[in-house]
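Since the structure comes first, as structure tokens, the remarks are kept for the end.
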Number of protein chains: 2
Amino acid sequence: MSSFSSDTRTRILEATWSLLESQAKNVRMSDIAKAAGISRQALYLHFLNRAKLLVATTKHIDSVKDVDARLAESRAATTGMERLDAFVTAWCNYIPEIYSVSVALRAMRASDAEAAQAWDNRMQAVRQGCASAVAELATDGMLNPDLSENTATDLLWTLLSVENWERLVRECGWKQAQYVSSMKSLTSSELIMGNSKS
Amino acid sequence: MSSFSSDTRTRILEATWSLLESQAKNVRMSDIAKAAGISRQALYLHFLNRAKLLVATTKHIDSVKDVDARLAESRAATTGMERLDAFVTAWCNYIPEIYSVSVALRAMRASDAEAAQAWDNRMQAVRQGCASAVAELATDGMLNPDLSENTATDLLWTLLSVENWERLVRECGWKQAQYVSSMKSLTSSELIMGNSKS
DNA sequence: TGTAAAGTTGACACGGTGTCAATAGGTGAT
DNA sequence: ATCACCTATTGACACCGTGTCAACTTTACA
């Protein structure tokens, strides 16, 4: 419980975060150490390896940004359509917060099993959110009859991927608001029964 | 023009290709050399670095699979809707062919500017195909009036990304045919004016 | 005052890419 | 025939980033 060590730990996490936010590419352990004001080796006293550090950083961001509270809103919705809308909004607006860390984590996937696992877990959690929204849509009888619940979940999950956000917002230069509203209309027009364009 | 050297070159490319197809992850220069039956150093006589080798491999696949002929079909379509359909079909069915190399190339993006550039070029070419299809849709007056040509192109390009294929086919286990028909209905319902679900 | 935790410096192994030098063998032109 | 060239070989090595280890110092606190 010594405030000492835990201070250093969060200083490391904050340093990692801000480095990833800024330059984004090729952040090395030594860069992070320097930014946190400790030696490179001391980093390994707190995190066994780079993957664990990145994972801890995402969790740190989650707690700072209070992801749970944001998603709670969508679970509180009473109808399936409201829930879908709330979920899409909440998640789409959360993507930019974790984007920079996600880049680093995804880049490690190919070479590091632990990083791959961590990213996969996160995505499965998102998928779970998608599945819940779809399920509620189905019980309301509002799910597009061409789609099974599973297929609809796959589709929703795919549309809401970080990679799609990356492409539209970062590569194509869309405004975040434009992205969100596009995703809302896209998902609702695909998932909700008998929906043509507004 | 010595058939000798050029034989080795294609042997290298074939070896790279088949290695990427099989194990997919962490294919090293030494692995490729071994598979091609030459020394690791000799690889560098043919390709200056790993990025160039991967790029050459994609081009080799393109020529073997005759990507131009496949896409020519979509350019031959007379109406915008036919063209969109043909383009989506052709590209979606081409993705599996280049997928394994794309994984390797994308994995290098973070660390290697040349690989990033090469992947980007390829994707811009795909975007060009999307733009052409959208343009023809627009001249036919069939483009969804909610969308500018640019926005429609962005959307189409995003939907047809390799990453989305990867998620649906590899992660979610969709059959290729299911993926293609989903993409066809998804793109047409989003891009074509006044389209509800079939 | 002694112990433990947290940190320091310096050195090193490992894996993978890319480079270099010295050498060998086959091919083709003169 | 021989010279030059091209392709290939072996072996060694530099560079980079991660992760590890050992020896030592500083700080906290009981």
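Quick note on labels: first sequence line is chain A, next is B, and so on, each numbered from 1.
Between A:Thr8 and C:dG7, a side-chain N or O to OP1/OP2 separation shorter than 4.0 Å is present. In terms of phosphate contacts, A:Ser39 brings a side-chain nitrogen or oxygen within less than 4.0 Å of OP1 or OP2 of C:dT8. B:His46 has no side-chain polar atom (N or O) that falls below the 4.0 Å cut-off from OP1 or OP2 of D:dT7.
Between the B:Trp157 side chain and the A:Leu168 main chain, no donor and acceptor come within less than 3.5 Å of each other. Using a distance-only test at 3.5 Å, with no hydrogens or angles considered, a donor-acceptor pair links the side chain of A:Asn93 to the main chain of A:Thr89. A donor-acceptor contact shorter than 3.5 Å is absent between the side chain of B:Thr151 and the backbone of B:Leu147.
The nearest whole Å value for the distance from the CG atom in B:Asp7 to the P atom in D:dC6 is 18 Å. In this structure, A:Arg40 places its CZ atom 14 Å from P of D:dC16, rounding to the nearest Å. Rounded to whole Å, atom P of D:dG17 lies 14 Å from atom NZ of A:Lys25. When rounded to the nearest whole Å, the span between CZ of B:Arg28 and C1' of C:dT17 equals 12 Å. Atom-to-atom, CG of A:Leu48 to P of D:dT20 comes out at 7 Å; the value is rounded to the nearest Å. Atom CG in A:Asp112 sits roughly 16 Å away from atom P in C:dG15 (whole-Å rounding). The distance from atom CE of B:Met29 to atom P of C:dG16 is 13 Å, rounded to the nearest whole Å. Rounded to whole Å, atom C1' of C:dA13 lies 13 Å from atom OH of A:Tyr44.
Remark on DNA chain D: of its neighbouring residues B:Leu43 and A:Arg50, the 5'-side contact belongs to B:Leu43, judged by nearest-heavy-atom nucleotide. Nearest-nucleotide mapping onto DNA chain C: of A:Leu45 and A:Gln41, the residue sitting toward the 5' end is A:Leu45.
In this structure, of D:dT9, C:dG7, D:dC13, it is D:dT9 that holds the atom nearest to the side chain of B:Ile38.
Atom CE of B:Met81 has 12 or fewer neighbouring heavy atoms from other residues, nucleotides or ligands inside a 6.0 Å radius. Around CD of A:Glu73, the count of heavy atoms belonging to other residues, nucleotides or ligands within 6.0 Å does not exceed 12.
Across its full length, the helix from C:dT1-D:dA30 to C:dT30-D:dA1 shows an angle of 10° between the axes of its 5 terminal pairs at either end, rounded to 10 degrees.
Residue pairs meeting the ring pair (Phe, Tyr, Trp, His ring centres under 6.0 Å) criterion with at least one partner in residues 97-151 of chain B, sequence neighbours excluded, are B:Tyr99-B:Trp165.
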Taking distance alone, no hydrogens or angles, what donor-acceptor pairs closer than 3.5 Å link side-chain atoms of residues 134-143 of chain A to residues at least two apart or in another chain?
unit_1, atom_1, unit_2, atom_2, d
A:Glu136, OE1, A:Arg83, NH1, 2.9
A:Thr139, OG1, A:Glu136, O, 2.9
A:Asp140, OD2, A:Gly80, N, 2.6

